[in-house]
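Only one structure is covered here, and it is reproduced in the block below.
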There are 2 protein chains.
Amino acid sequence: MDSSSTTSGGGSARREATRQKLYEAAVTLIAEQGFSATTVDEIAERAGVAKGTVYYNFASKSVLFEELLRHGVGLLTASLREAAERTVGDGGSKVDALDAMIRAGLVFIDRYPAFTQLYVAELWRTNRAWQSTLMVVRQQAVAVVEGVLRDGVANGEFSEEIDVPLTAAALVGMVLVAALDWKSFQPERSLDDVHAALSRLLQGRVSGCR
Amino acid sequence: MDSSSTTSGGGSARREATRQKLYEAAVTLIAEQGFSATTVDEIAERAGVAKGTVYYNFASKSVLFEELLRHGVGLLTASLREAAERTVGDGGSKVDALDAMIRAGLVFIDRYPAFTQLYVAELWRTNRAWQSTLMVVRQQAVAVVEGVLRDGVANGEFSEEIDVPLTAAALVGMVLVAALDWKSFQPERSLDDVHAALSRLLQGRVSGCR
DNA sequence: ACATTTGAACTGACTGGTCAGTGCAAAAGT
DNA sequence: ACTTTTGCACTGACCAGTCAGTTCAAATGT
């Protein structure tokens, strides 16, 4: 368990540290400027590392980006899945599960705003090498929501009329855009504020029931 | 009103036609690849025009893009405003007004998917020259929704607890993301399908009332 | 204790290609 | 007559990716 010893997985501690620095530098720069407008020199400089080091650690600029995507996506899905499971599957209501996932999404975006920004900017592009990586991620995230919705329908808790895939996508979008807007245009709001507003929208207390 | 006559603004009909061709070529290419990854040669080729013509009509690649943005944005705001006005202000319920705006949004995205894609990809970027242009558009769109929400609250139709700016942003995001998802991942669905699903979500018939 | 070797990690100057933007004479359109 | 477009050669900046050489910590030798 000694963290400085040669651990399994082939990556030395030093190497892992530089990769991490490169991820952090790349994610903010690409979120700000986009992939093509960001140069490898910039990434290296911001990471405090020589350009050659980038290529020692990653086969190419695209590969760096793809691994960065996978890295961030792992964090997101883990976070979502954990939230769905925390609100115990069969005991609690499914609305509560959705609500918990909304909060998990907000917490994630709060912690990794640059990654989210970058993700949204690249998701709907076509003809890009890493398209499939992005789709996989999207599918994982949406699938968790879809699962909860389906359970709720089977449950009788949700109407049978709802279109599960479309509704799941809309919910994800709602959280995504509301959160990006929050971070960009009203950063002073608290997470609880934003969560409360979305929660109310979800539960139809805006217009549905009186 | 003769469209072929020398209209105001100094642009001849021929010139206007090439500018239009360049807009159309640029919008799809930039939506697919992003601004930096799209070359002027590509744009010229797709528009069926010589490279020199691009520079005869626009001062630079960035200027072309900025004017393209302004052009598309004009279409969007006109479309939204028209939708808001069509559902007469005081007579109908505000939910209906929201519903009509959702449909207007979907129709717009259906007609100009590339522009929407490009818009979303660029909106949350920082440190870009055309940021302010994009923000203005966002503000206009969200403001229309906010107005309807506020009217509904004054009306008694919506709960007084709702957070107007946040809810407006969330609604816009819901439509935006659901529509982009529709176009990218389930293009066979009809507009009515998508509209119905979003409508149901809006009216809280997913989870709210039993 | 100290010297020597090893090799993974890192460096930064350099290369080859790409691309925004220019210049201009001839052609086409109105 | 004039505006607009064409075609194409050219420049200069910029940038992804390479590679010969350096650093340093741990392993090995004495």
Side-chain angles (χ1 to χ4, degrees), chain A residues 2-27 29-30 32-69 122 127-130, chain B residues 2-27 29-30 32-68 127-130:
Chain A
D2 181 3
S3 70
S4 69
S5 71
T6 57
T7 53
S8 63
S12 73
R14 185 166 174 216
R15 206 173 178 192
E16 205 46 54
T18 38
R19 289 173 80 103
Q20 192 65 36
K21 277 194 294 184
L22 285 169
Y23 281 153
E24 271 158 34
V27 79
L29 284 168
I30 297 180
E32 279 169 14
Q33 307 178 321
F35 174 79
S36 308
T38 302
T39 67
V40 175
D41 290 276
E42 279 177 315
I43 296 173
E45 190 190 350
R46 171 147 340 171
V49 138
K51 187 178 189 176
T53 306
V54 177
Y55 286 94
Y56 182 77
N57 283 281
F58 299 95
S60 69
K61 186 186 172 188
S62 320
V63 168
L64 163 57
F65 183 57
E66 272 179 81
E67 298 199 7
L68 168 61
L69 277 181
E122 296 290 338
N127 302 334
R128 305 246 84 172
W130 50 78
Chain B
D2 181 2
S3 68
S4 70
S5 72
T6 57
T7 53
S8 64
S12 74
R14 180 149 81 124
R15 209 173 175 194
E16 205 46 54
T18 37
R19 290 172 78 105
Q20 192 64 38
K21 279 195 290 182
L22 284 168
Y23 283 154
E24 271 159 35
V27 78
L29 284 168
I30 296 179
E32 280 169 13
Q33 306 177 323
F35 175 78
S36 309
T38 302
T39 69
V40 175
D41 291 278
E42 276 177 317
I43 296 173
E45 190 190 349
R46 167 134 1 159
V49 138
K51 187 180 183 179
T53 306
V54 177
Y55 285 94
Y56 183 77
N57 283 280
F58 300 95
S60 69
K61 184 186 172 189
S62 318
V63 168
L64 163 57
F65 183 57
E66 274 177 78
E67 298 200 8
L68 166 63
N127 303 333
R128 305 245 86 173
W130 47 78

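Chain letters run A, B, ... following the sequence lines, proteins first, then strands; residues in each count from 1. These numbers come from a predicted model, not from an experiment.
Rounded to an integer number of Å, the gap from CZ of B:R15 to C1' of D:dT5 is 11 Å. The distance from atom NZ of A:K21 to atom P of C:dA9 is 14 Å, rounded to the nearest whole Å. We find that CZ of A:F65 is positioned 14 Å from P of D:dA16, with the value rounded to whole Å. One interatomic measurement links the two molecules: CZ of A:R19 to C1' of C:dA8, which rounds to 14 Å at whole-angstrom precision. Atom CD of B:E16 and atom P of D:dT3 are 18 Å apart (whole Å). Rounded to whole Å, atom C1' of C:dA20 lies 13 Å from atom CG of B:L64. Taking atom CZ of residue A:F58 and atom P of nucleotide D:dG17, one finds them 14 Å apart after rounding to whole Å.
Contact annotation for A:S62: no contact, since no heavy-atom pair falls under 4.0 Å across all strands.
Every residue was checked against the salt bridge (Lys or Arg N to Asp or Glu O under 4.0 Å) condition with B:E32, not counting sequence neighbours, and none meets it. Partners of A:E122 under the side-chain hydrogen bond (donor to acceptor under 3.5 Å, both in side chains) rule, at least two apart in sequence or in another chain, do not exist in this structure. By the side chain to side chain contact (heavy atoms under 4.5 Å, CB included) test, B:T38 pairs with B:L29, B:I30, B:Q33, B:E42, B:I43, sequence neighbours left out. For B:F58, the ring-ring contact (aromatic ring centres under 6.0 Å, His included) partners at least two apart in sequence or on another chain are B:Y23. In this view, A:E66 satisfies the salt bridge (Lys or Arg N to Asp or Glu O under 4.0 Å) rule with no residue, not counting sequence neighbours. Not counting sequence neighbours, A:K21 has no partner by the salt bridge (Lys or Arg N to Asp or Glu O under 4.0 Å) test. Every residue two or more places apart in sequence or in another chain was checked for a side-chain hydrogen bond (donor to acceptor under 3.5 Å, both in side chains) with B:R14, and none qualifies. A:K61 pairs by the salt bridge (Lys or Arg N to Asp or Glu O under 4.0 Å) definition with nothing, not counting sequence neighbours.
Applying a 4.0 Å cut-off to non-hydrogen atoms, the residues of residues 44-56 of chain A that approach DNA chain C are A:V49, A:A50, A:G52, A:T53, A:Y56, listed by residue number.
In secondary-structure terms, DNA chain C builds stems of at least 3 consecutive Watson-Crick or G-U pairs, each pair having both distances under 3.5 Å, at C:1-30 with D:1-30.
Judged by distance alone, with hydrogens and angles left aside, the side-chain atoms of A:R19 form a donor-acceptor pair with the main-chain N or O of A:N57 at under 3.5 Å.
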With 3.5 Å as the limit, what N/O pairs link the protein to nucleotides 25-30 of chain C?
none

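Close to D:dT4, at under 4.0 Å from its OP1 or OP2, lies no side-chain N or O of B:T18.
Residue A:D41 has its side chain nearest to D:dA16 when only C:dA20, D:dA16, C:dA9 are considered.
Contact check for A:F35 versus B:S36: no side-chain heavy atoms found under the 4.5 Å cut-off.
Taking a 6.0 Å sphere around CD of A:E45, one finds it holds 12 or fewer heavy atoms contributed by other residues, nucleotides or ligands.
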